[in-house]
2 protein chains.
Amino acid sequence: MDPNPIGFQKHDHSHCVADAVAEADRTCQKAGLQLTPVRKRALEILLEEHRALGAYDVLARLSEDGFGSQPPVAYRALDFLTKNGFAHKIERLNAFIACAHPGDIHTPAFLICTTCDAVAEAETDPSHSLLNQIADTTGFRISRAVLEAEGTCPNCLANDGAADKK
Amino acid sequence: MDPNPIGFQKHDHSHCVADAVAEADRTCQKAGLQLTPVRKRALEILLEEHRALGAYDVLARLSEDGFGSQPPVAYRALDFLTKNGFAHKIERLNAFIACAHPGDIHTPAFLICTTCDAVAEAETDPSHSLLNQIADTTGFRISRAVLEAEGTCPNCLANDGAADKK
DNA sequence: GCCCGTCACGTAATAACATAACACACCAAA
DNA sequence: TTTGGTGTGTTATGTTATTACGTGACGGGC
Ligand SMILES: [Zn+2]
Ligand SMILES: [Zn+2]
Ligand SMILES: [Zn+2]
Ligand SMILES: [Zn+2]
């Protein structure tokens with residue numbers, strides 16, 4: 001198990017947490033949002049993982065860092081992050097992940113590896129999404145879309161292949 | 001609130017429950033699956049609603065009908081129904097709904113009205129779905145996809161329009 | 001007949017996820 | 001100074017889901 005990828009590629013993780021937090025800081029400045037200590041720490045926790053964390057996982061770490069230890073502490077921070085585009089909730093997992101493309105308004109799509117638990121956030125082109133076509137033909141107005149696929153990531157497929165060979 | 005539509009249209013509900021159950025019966029016969037009393041009743045309960053029901057809602061009704069009253073009773077029945085294509089779980093709602101197109105192997109897409117709680121199951125063409133395109137380019141192998149859109153259904157949009165006029 | 005494996009069903013207990021309600025601190029506007 | 005808003009913390013509770021364990025029904029070997 002290697003719960004490390006963005007997308008499913010290895011990457012230099014050394015600076016991406018700090019960079020993402022700094023960008024969130026700037027964004028909040030501009031938008032008049034308060035990236036308070038709990039909220040910032042929650043974002044860091046998500047960024048440190050690059051996989052989906054349950055609210056209680058986040059809570060445990062926040063609590064270790066001296067923040068409150070009760071569920072609302074985590075849920076409120078996660079709520080702020082998701083409402084403002086810094087994180088997403090993966091419905092299939094009841095878990096949260098840092099946004100891989102913050103700043104843009106976007107409809108994220110997620111690829112969830114059931115073998116190694118990695119989660120990749122893909123960009124989508126909302127205009128020719130399947131759901132929008134359906135919505136057009138039925139007259140439904142979409143406000144939010146959930147696109148999540150479970151399966152096996154390239155890395156785990158490769159490992160399977162290797163396993164098969166021996 | 002009119003929690004009645006399939007898709008979002010009114011329909012003759014008189015026979016559809018019985019028909020669907022009968023078809024499920026046939027399908028199970030052919031496939032060597034046991035549509036036992038609890039499972040059949042759970043399917044009926046979902047069909048009687050045409051909207052998403054929580055597992056505990058289903059459980060309550062099963063229990064009223066003399067079946068067990070503990071969570072696994074409902075979860076096991078719902079598990080059977082979803083695994084075999086007679087029902088789907090709506091991840092966004094943590095709730096279950098009878099399949100509107102049983103028999104076919106399909107990747108369902110759901111339109112969830114946040115005003116009236118109606119849920120429509122749309123057919124999708126998996127081959128040019130967004131997720132498959134993403135999967136192709138990233139080398140991810142999809143085993144299951146979740147496609148759910150929240151928004152406002154045609155009926156509720158019409159009502160809004162009417163409300164605005166007065 | 002009996003032994004066994006499998007499957008469905010039932011229970012109790014608990015885990016995991018999420019929200020309601022209330023108190024206090026802080027800060028800025030009136 | 002008072003007042004209102006926002007953020008953080010708490011306790012308590014609600015909701016969703018699973019684990020663990022035991023029983024009865026059925027079918028195939030022996
Ligand atoms: Zn990173
Ligand atoms: Zn993987
Ligand atoms: Zn019907
Ligand atoms: Zn509606």
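Naming convention: chains lettered A, B, ... in sequence-line order (proteins, then strands); numbering from 1 in each chain.
- Ring pair B:F96/B:H88: centre-to-centre distance not below 6.0 Å.
- Atom CD1 of residue A:I142 and atom CD of residue B:E148 lie 12.0 Å apart, to the nearest 0.5 angstrom.
- Of the residues in residues 58-87 of chain B, those lying under 4.0 Å from DNA chain D by heavy-atom distance are B:P71, B:P72, B:Y75.
- Of all the heavy atoms in A:G68 and A:L59, the pair that sits closest is O-CD1, 3.7 Å.
- A salt bridge links B:R61 to B:E49: at least one charged side-chain nitrogen sits closer than 4.0 Å to a carboxylate oxygen.
- With respect to B:R41 and B:E48, a salt bridge is recorded, a charged nitrogen being found less than 4.0 Å from a carboxylate O.
- In this structure, the salt bridge (Lys or Arg N to Asp or Glu O under 4.0 Å) partners of B:R144, at least two apart in sequence or on a different chain, are B:E91.
- Put simply, chain B comes within 4.0 Å of DNA chain D, heavy atom to any atom, from D:dT16 to D:dT19, going 5' to 3'.
- Scanning all heavy atoms of the two residues, the minimum distance from B:V38 to B:V73 falls at CG1-CG1, 4.1 Å.
- By the salt bridge (Lys or Arg N to Asp or Glu O under 4.0 Å) test, B:R76 pairs with no residue at all, sequence neighbours left out.
- Not counting sequence neighbours, B:E123 has no partner by the salt bridge (Lys or Arg N to Asp or Glu O under 4.0 Å) test.
- Between A:N94 atom CG and C:dA16 atom C1' there is a gap of 9 Å when expressed in whole angstrom units.
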For this session: Report the C-alpha separation of B:H101 and B:E121 in whole Å, then their side-chain angles, then the decisive distance to 0.1 Å, and conclude whether the side-chain hydrogen bond (donor to acceptor under 3.5 Å, both in side chains) test is met.
Result: CA-CA 8 Å; B:H101 315 288; B:E121 178 178 350; 4.7 Å; no
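- Taking a 4.0 Å limit (strictly below) on heavy-atom distances, residues 22-43 of chain B does not reach DNA chain D anywhere.
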